[in-house]
There are 2 protein chains.
Amino acid sequence: MARAVRKSRKPVELGAESLGQAAECLRVLAHPARIRMVQMLLSGRYTVGELAEDCGIPDNVASEHLRLMQRCGFFTSERDGRKVYYQVAEPHLADIINCIESRFSK
Amino acid sequence: MARAVRKSRKPVELGAESLGQAAECLRVLAHPARIRMVQMLLSGRYTVGELAEDCGIPDNVASEHLRLMQRCGFFTSERDGRKVYYQVAEPHLADIINCIESRFSK
DNA sequence: TTGACATATCGTCATCTTACGATATATTGA
DNA sequence: TCAATATATCGTAAGATGACGATATGTCAA
C-alpha cells in the first residue's frame with residue numbers, strides 16, 4: 001500500500017565516528033539525576049552537596065555522576081575552600097536540554 | 001574566588017516523573033545504530049533489511065533495535081508483502097537529532 | 001504444497017551500569 | 001595538632017544491555 005514519502009537518498013550526515021560520540025554523549029545524559037544536574041548547572045553554579053540534595057541522592061553518588069559528566073566534557077569544576085563548584089562547559093547541552101524540556105514539560 | 005553567575009533559584013522544569021521518561025527516551029536513542037536508523041527514517045520510509053544494511057548489522061539485530069524504539073513510541077511499522085516498513089511517529093525526534101547533528105557534524 | 005525470502009523472537013552470555021558502604025583526601029577552624 | 005566538613009574514590013553486587021545463533025512466523029511465487 002505504497003509510498004507516502006519519497007526517499008531523498010540516504011542521509012549523509014554523521015560518520016561512524018561521530019555516531020559513536022553522539023551515542024556516548026546521549027548515554028551520559030540518559031539518567032534522571034544527570035539530566036537534573038545539567039538543568040541546574042545551566043542556571044548557575046552549584047556544589048556537589050547542593051546538587052545531591054536537590055536530586056535526593058547521597059553525596060558520593062552525586063560525585064560519581066559529576067565525574068562521569070566531567071570526563072566527557074560536559075562540566076568543569078573548581079574548588080572554593082572545602083566545596084567544589086561545577087559548571088557547564090559544553091555549550092550544546094543547552095540545546096539538547098531545551099529539546100527535552102519542550103517534549104516532556106507535561 | 002567567587003561567583004561568576006548568579007543563581008536564579010533552582011530551575012523548576014521537569015518533575016521526577018518526566019525526568020524518568022526523558023532519561024528513558026535518551027537511553028533508547030543512545031546507540032550508534034539507533035541514531036542512524038532515526039536519521040534514515042526522518043528522511044523516508046525504509047525496511048528492516050535496508051536499515052540493517054546501512055548500519056552494517058545483521059537483520060535480526062536491526063529488528064531488535066527497531067522493536068525497542070517502536071515500544072517507546074518512536075516508530076510505527078506497516079507490512080507490505082514480506083517487507084516491513086518503519087517510519088517515525090514521534091515528532092520531537094527531529095529536534096533532538098538536529099541538536100545532535102549540529103554538535104557532531106565534523 | 002514447497003521453498004525461498006523478510007522479519008521477529010528466544011535463550012544465552014559477556015559486558016556495562018548503578019548504587020551502596022567503606023575508606024581516602026582536602027580544607028578549615030579550634 | 002585534631003576534629004569536623006566536603007568531596008572523591010574504591011570494591012562489590014544486582015540489574016540492565018547488546019550481540020549472537022537458532023528457531024519461529026509470515027508472505028510470496030512456482
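Below, chains carry the letters A, B, ... as their sequence lines are ordered, and counting in each starts from 1.
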Can you list everything that forms a side-chain contact (heavy atoms from CB on, under 4.5 Å) with Ala22(B)? Sequence neighbours excluded, please. Ile35(A), Ile100(A), Phe104(A)
At less than 4.0 Å, is any side-chain N or O atom of Tyr86(B) found next to OP1 or OP2 of dA8(C)? Yes or no. yes
CZ of Arg71(B) versus P of dA16(D): gap in Å, rounded? 14 Å
Step by step, work out the salt bridge (Lys or Arg N to Asp or Glu O under 4.0 Å) result for Arg45(B) and Glu78(B). CA-CA 10 Å; Arg45(B) 220 159 130 268; Glu78(B) 74 185 287; 3.7 Å; yes
Leu51(B) has an atom CG; how far is it from atom C1' of dA6(C), in whole Å? 13 Å
Show each protein N/O and nucleotides 27-30 of chain C N/O combination with a separation under 3.5 Å, one pair to a line.
residue	atom	partner	partner atom	Å
dT28(C)	O4'	Arg82(A)	NH2	3.2
dT28(C)	O2	Arg82(A)	NH2	3.0

Value in whole Å for how far the C1' atom of dG18(D) lies from CG of Leu68(B): 11 Å
Looking at Met40(A), is its backbone amide N or carbonyl O close enough to the side chain of Ser43(A) to form a donor-acceptor pair, meaning the two atoms are under 3.5 Å apart? yes
Quick check on dT17(D): is either OP1 or OP2 less than 4.0 Å from any side-chain nitrogen or oxygen of His65(B)? no
Atom pair distance, as rounded to whole Å: CD in Glu53(A) and C1' in dT7(D): 16 Å
Please report the distance, rounded to the nearest Å, between CG in Leu66(B) and C1' in dT7(C). 10 Å
In chain order, what residues pass the side-chain contact (heavy atoms from CB on, under 4.5 Å) check against Asp95(A), with sequence neighbours excluded? His92(A), Cys99(B)
Contacts of Thr76(B) meeting side chain to side chain donor-acceptor pair (under 3.5 Å) (sequence neighbours excluded), chain-then-number -> none
Take atom CG of Asp59(A) and atom C1' of dC20(C), then tell me their distance rounded to the nearest Å. 14 Å
Please find the pair of heavy atoms, one from Val88(A) and one from Val38(A), that lie closest to each other, and give the distance. CG2-O, 4.5 Å
Just to verify, what does Glu90(A) make a salt bridge (charged side-chain N to carboxylate O under 4.0 Å, His left out) with, not counting sequence neighbours? Arg103(B)
Residues touching DNA chain D, which here means a heavy atom under 4.0 Å, drawn from residues 26-34 of chain B: Arg27(B), His31(B), Arg34(B)
Rounded to whole angstroms, how far apart are CZ on Phe75(B) and P on dT7(C)? 15 Å
Quick one: which protein N/O atoms are closer than 3.5 Å to N/O atoms of nucleotides 9-11 of chain C? Pair and distance per line, please.
residue	atom	partner	partner atom	Å
dC10(C)	N4	Glu64(B)	OE2	2.8

All side chain to side chain donor-acceptor pair (under 3.5 Å) counterparts of Arg34(A), not counting sequence neighbours: His65(A)
Pairs where residues 57-67 of chain B contributes a residue and the test salt bridge (Lys or Arg N to Asp or Glu O under 4.0 Å) is met, not counting sequence neighbours: none
In whole angstroms, how far is the P atom of dT18(C) from the CD atom of Glu24(B)? 14 Å
Can you sort out the partners of Gln70(A) under side chain to side chain donor-acceptor pair (under 3.5 Å), two or more places apart, ordered by chain and number? Ser77(A)
Would you find a donor on one side and an acceptor on the other, under 3.5 Å apart, between the side chain of Glu101(B) and the backbone of Asn98(B)? no
